[in-house]
Q: 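Questions regarding the structure given below will be posed in turn.
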Amino acid sequence: MGNVDEGPRHAERSVRAGWPGMRGKRVVVTGGSRGLGEGIVRLLLAEGARVATCARGKAGLAALDASLPGEERARLLTEDLDVTEPGRLEDFVTTAAKRFGTLDGVVACVGGSRGGGFEQADAADWAATWDLNVGHTVRLVRAALPYLRAAGGGSVVLISSISGWKPGRSAQYGAAKSAQIHLAASLARELGPDNIRVNAVSPGSMLIPGRRWDRLRREDPGAYDRFVGAELPGGRPVTPHEVARAVVFLLSDWASGVSGAHLPVDRAQNAPSPDGY
Ligand SMILES: NC(=O)c1ccc[n+]([C@@H]2O[C@H](COP(=O)([O-])OP(=O)(O)OC[C@H]3O[C@@H](n4cnc5c(N)ncnc54)[C@H](OP(=O)(O)O)[C@@H]3O)[C@@H](O)[C@H]2O)c1
């Protein structure tokens with residue numbers, strides 16, 4: 001009888017429970033010195049997590065570090081490295097896990113495209129694009145697995161793109177981003193028995209100061225307005241902070257029931273670029 005009475009009361013308490021935050025969580029984020037990765041790192045630190053992040057440029061990492069309040073800086077570990085350089089990423093994951101005790105989450109955020117359109121991109125561009133997006137993701141997750149298992153489980157978030165499920169130019173990029181979405185669904189099943197959740201997040205075109213869409217907005221406002229009018233029903237691109245909130249949710253205990261999902265954060269964007277489908 002006791003159990004029967006306790007059930008509904010417990011459920012009610014759980015429903016009313018507040019956001020658990022990320023205090024005590026230990027997370028590795030690749031590519032955290034600017035753009036979306038920086039947004040994720042800042043939000044995780046603000047929510048109380050310990051965070052390790054890497055990028056190729058020392059200056060960007062130093063600027064991030066210097067901009068933080070001392071208490072957050074004490075919870076951040078950075079290292080300058082190229083995620084495509086054999087062994088460097090794996091060593092960084094090990095260093096982070098040893099510093100923090102173990103790991104509760106990883107975010108594969110580095111990504112991008114090499115080469116141009118189909119007839120310009122050669123085999124080396126296809127291989128480099130694959131390695132940057134998919135190869136680094138696979139090596140990151142493999143390196144983190146023993147530590148996620150040691151923590152009793154964890155959360156893996158793969159940053160894909162609207163280009164991974166809506167076709168556009170740079171097929172080598174779309175194919176790699178599409179593979180990340182598939183990878184999340186596959187790994188969710190394979191790692192589920194270890195209590196490791198794996199999800200993919202697909203940002204739409206993000207408005208990042210100094211980057212592609214921000215430059216178009218300043219340099220060719222007419223073309224920018226036509227793009228927004230045709231492809232963005234929400235009337236504006238998403239911001240890195242909006243995407244970071246979805247990523248942090250997936251890393252958190254509030255997402256304990258979410259695995260194998262593909263979460264677009266694109267305000268119902270249509271095509272990924274002004275080129276249309
Ligand atoms: N921007 C968009 O509109 C958009 C839309 C959809 C999806 N995405 C995806 O979202 C993710 C982040 O995009 P973003 O535009 O924010 O990225 P970004 O500005 O190009 O770079 C983000 C970070 O990655 C680091 N980085 C780049 N290449 C690296 C490498 N080989 N090794 C280590 N670090 C590296 C950069 O620092 P360093 O240069 O110093 O290495 C920087 O800290 C990517 O996976 C991208 O495909 C972006």
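In each ligand, atom 1 is the first atom listed, and ligand 1 is the first ligand listed. Scope of the values below: all heavy atoms of this structure, side chains included, with no hydrogens, waters or symmetry mates.
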Q: With atoms numbered from 1 as shown, which atoms in ligand 1 lie under 4.0 angstrom from a non-hydrogen atom of Tyr173?
A: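 Once the distances to Tyr173 are compared, the set is 7 (C), 8 (N), 9 (C), 46 (C), 47 (O).
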Q: Would you mind listing which atoms of ligand 1 come within a distance below 4.0 Å of any non-hydrogen atom of Gly57?
A: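 By the 4.0 Å cutoff, the relevant atoms are 38 (P), 40 (O), 41 (O).
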Q: Going by the atom numbers of ligand 1, which of them fall below 4.0 Å from some non-hydrogen atom of Gly35?
A: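 Those of ligand 1 that fall under 4.0 Å from Gly35 are 16 (O).
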Q: Distance under 4.0 Å to a non-hydrogen atom of Arg211: what atoms of ligand 1 satisfy this?
A: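 Checking each atom against Arg211, I get 18 (P), 19 (O), 20 (O).
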Q: For the residue pair Ser67 and Arg42, confirm or rule out a side-chain donor-acceptor distance under 3.5 Å.
A: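 There is such a pair between these side chains.
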Q: Assess whether atom NE2 of His182 is packed by more than 12 heavy atoms of other residues, nucleotides or ligands within 6.0 Å.
A: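 Not more than 12 within 6.0 Å, no.
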Q: Should Arg211 and Asp214 count as an ion pair when the cut-off is N to O under 4.0 Å?
A: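 Result for this pair is no, no salt bridge flagged.
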Q: Out of Met206, Gln269, Gln180, Glu85, whose heavy atom is nearest to atom 2 (C) of ligand 1?
A: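 It is Met206 that holds the nearest heavy atom.
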Q: Do the side-chain N and O atoms of His136 and Thr30 include a donor-acceptor pair separated by under 3.5 angstrom?
A: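 Their side chains do contain a donor-acceptor pair, which is all the 3.5 Å distance test asks for.
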Q: Measure from atom 32 (N) of ligand 1 to every heavy atom in Val243, Val83, Asp214 and give the option owning the shortest one.
A: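 Heavy atom nearest to atom 32 (N) of ligand 1 belongs to Val83.
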Q: Pick, from Ile40, Ile208, Ile159, the option with the minimum heavy-atom distance to atom 15 (O) of ligand 1.
A: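 Heavy atom nearest to atom 15 (O) of ligand 1 belongs to Ile208.
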Q: If we only count N/O pairs under 3.5 Å, is Arg34 in contact with ligand 1?
A: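 Yes: some nitrogen or oxygen of Arg34 is under 3.5 Å from one in ligand 1.
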Q: For atom 24 (O) of ligand 1, which protein heavy atom lies nearest, and how many Å away is it?
A: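 Answer, as residue, atom name and distance: Gly31 CA, 3.3 Å.
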Q: When you measure from the side chain of Glu79 to the backbone N and O of Phe92, does any donor-acceptor pair fall under 3.5 Å?
A: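 Between the backbone of Phe92 and the side chain of Glu79 there is no qualifying donor-acceptor contact (under 3.5 Å).
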Q: Counting only heavy atoms, tell me which of Arg212, Arg56, Lys58 gets closest to atom 29 (C) of ligand 1.
A: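 The option holding the nearest heavy atom is Arg56.
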Q: What do you reckon, does Gly204 put a non-hydrogen atom under 4.0 Å from ligand 1?
A: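 Yes, that is the case, since the closest heavy atom of the residue is under 4.0 Å from the ligand.
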Q: Out of Ser113, Ser160, Gly39, Cys109, indicate the one that has the non-hydrogen atom closest to atom 7 (C) of ligand 1.
A: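 The residue whose heavy atom sits nearest atom 7 (C) of ligand 1 is Ser160.
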Q: Give a yes/no on ligand 1: does Leu81 have at least one heavy atom closer than 4.0 angstrom to it?
A: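 A heavy atom of Leu81 does come that close to ligand 1.
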Q: If you count the atoms of ligand 1 from 1 in the order shown, which ones are under 4.0 Å from a heavy atom of Ser33?
A: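 Listed by number with element, the hits are 37 (O), 42 (C), 43 (O).
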Q: Do we see a donor-acceptor contact under 3.5 Å between the side chains of Asn270 and Lys166?
A: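 No, because no side-chain N or O of Asn270 sits under 3.5 Å from a partner of the opposite role on Lys166.
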Q: Please work out which of the three classes, parallel, tilted or perpendicular, describes the rings of Trp126 and Phe118, given edges at 30° and 60°.
A: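 Phe118 and Trp126: perpendicular rings.
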Q: If we ignore angles and hydrogens, is there a donor and acceptor under 3.5 Å between the side chains of Gln180 and Thr137?
A: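 There is such a pair (donor and acceptor under 3.5 Å, judged by atom type) between the side chains of Gln180 and Thr137.
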Q: Which of the numbered atoms in ligand 1 are below 4.0 angstrom from a heavy atom of Leu132?
A: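 Once the distances to Leu132 are compared, the set is 31 (N).
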Q: Given Thr53, which of Val27, Leu44, Leu61 fulfils the side-chain contact (heavy atoms from CB on, under 4.5 Å) condition?
A: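 Exactly one option meets the side-chain contact (heavy atoms from CB on, under 4.5 Å) with Thr53, and it is Leu61.
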